[in-house]
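What you are looking at is a predicted structure, and each value in this text was computed from that prediction instead of being measured. Letters A, B, ... mirror the listed sequences (proteins, then strands); counts begin at 1.
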Protein chains: 2
Amino acid sequence: MQRSMGILGTRWKPIIIYTLRDRKARFGQLDALIENISRKVLTSSLKELEEDGIILREEFKELPPRVEYTLTQKGKALIPIMCQLAKWNEEYYADGISM
Amino acid sequence: MQRSMGILGTRWKPIIIYTLRDRKARFGQLDALIENISRKVLTSSLKELEEDGIILREEFKELPPRVEYTLTQKGKALIPIMCQLAKWNEEYYADGISM
DNA sequence: TTTGATAGTTACACAAAGGTAACTACTTTA
DNA sequence: TAAAGTAGTTACCTTTGTGTAACTATCAAA
């Protein structure tokens with residue numbers, strides 16, 4: 001648990017993972033999809049998630065540059081858990097806002 | 001997700017919840033069962049978990065005083081999720097240490 | 001009267017996480 | 001020559017979480 005929380009236990013990382021659950025996304029897309037996140041936190045969260053093997057970063061050497069982020073297998077394995085958490089939240093708060 | 005993480009996203013709260021999964025415990029027992037936690041953090045975590053309706057605090061006016069902590073229904077509903085997280089951890093790190 | 005047990009609280013400090021705003025680098029387009 | 005687009009970085013600051021050590025309150029027993 002301690003280690004799991006070391007990986008996930010921040011404000012934004014679970015949101016980033018959940019956002020990537022069914023799509024790949026570019027840096028700017030994540031910045032737009034996730035409201036209120038700062039680019040700085042997005043950068044550092046993505047870097048740490050990559051180091052932890054949760055997401056994959058693919059750099060395309062085009063112009064303008066393009067970078068795509070996707071979940072790894074290990075990252076995808078977290079999705080059902082996060083869905084359960086979202087469900088728990090809905091069930092016990094029941095205000096319709098879970099993300 | 002943001003709110004769920006606001007409740008669980010600290011170093012010790014998931015450990016406390018997991019420790020209470022199948023038992024009630026007194027303050028001093030939790031302090032002994034959970035290695036390395038400080039009484040201060042235990043106090044504040046228990047207080048916040050109580051405010052969030054995850055645990056129940058029962059005070060017995062005896063001498064010496066006795067206080068028992070148990071999970072509420074809402075708290076118990078988190079247990080399967082935390083077990084899945086522990087399983088995820090074991091699966092992808094596979095060193096046998098999950099708590 | 002001092003010790004022991006229980007369940008904390010208080011003061012202080014440190015480190016990590018998060019926020020804001022300005023800046024960088026590269027190249028194409030106007 | 002200047003703006004626009006992409007993907008960041010950097011400096012600075014505030015907030016939150018955690019840690020240590022000492023202290024509190026109450027009563028019983030020695």
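- When rounded to the nearest whole Å, the span between NZ of B/Lys47 and P of C/dA7 equals 15 Å.
- The CG atom of A/Leu8 sits 15 Å away from the C1' atom of C/dA17 (whole-angstrom rounding).
- With rounding to the nearest 0.5 Å, the separation of CG in A/Leu30 from NZ in A/Lys24 is 13.0 Å.
- At whole-Å resolution of the value, CZ in A/Arg11 and P in C/dG19 are 5 Å apart.
- Separating the CG atom of A/Leu46 from the C1' atom of D/dT9 is a distance of 14 Å, rounded to the nearest angstrom.
- Taking every side-chain heavy atom of A/Ser38 into account, C/dT20 is the closest of C/dT20, D/dG8, C/dT9.
- Remark: C1' of C/dA13 and NZ of B/Lys40 are 10 Å apart, rounded to the nearest angstrom.
- A distance of 3.5 Å separates CZ in A/Phe27 from OG1 in A/Thr43, rounded to the nearest 0.5 Å.
- At D/dG19, one or more side-chain N or O atoms of B/Trp12 fall inside 4.0 Å of OP1 or OP2 (strictly under the cut-off).
- Residue B/Arg57 places its side chain closer to C/dA7 than to any other of C/dT6, C/dG19, C/dA7.
- With D/dG8, D/dA11, D/dT18 as the candidates, the nucleotide lying closest to the side chain of B/Thr10 is D/dT18.
- Comparing B/Gly28 and A/Asn36 against DNA chain C, the residue whose closest nucleotide sits nearer the 5' end is B/Gly28.
- Candidate nucleotides D/dT18, C/dA7, C/dG19 were compared by shortest atom distance to the side chain of B/Arg39, and C/dA7 ranks first.
- Close to D/dA7, at under 4.0 Å from its OP1 or OP2, lies no side-chain N or O of A/Arg66.
- For B/Pro65, the side-chain atoms get nearest to C/dT6 when compared with the rest of D/dA7, C/dG18, C/dT6.
- For B/Tyr69, counting side-chain heavy atoms from C-beta on, the closest listed nucleotide (D/dT18, C/dG8, C/dA7) is C/dG8.
- As rounded to whole Å, 15 Å separates atom C1' of D/dT18 from atom CD1 of B/Ile34.
- Note: B/Trp12 CH2 to B/Ser38 OG = 8.0 Å, rounded to the nearest 0.5 Å.
- Across every non-hydrogen atom of A/Leu85 and B/Met1, the tightest pair is CD1-CE, 4.0 Å.
- When all heavy atoms of A/Met82 and A/Ile17 are compared, the pair lying nearest together is SD-CG2, 4.0 Å.
- In this structure, CG of A/Asp31 is placed 11 Å from P of D/dG8, rounded to the nearest angstrom.
- What separates CG of A/Leu33 from P of D/dA7 is a distance of 13 Å, to the nearest Å.
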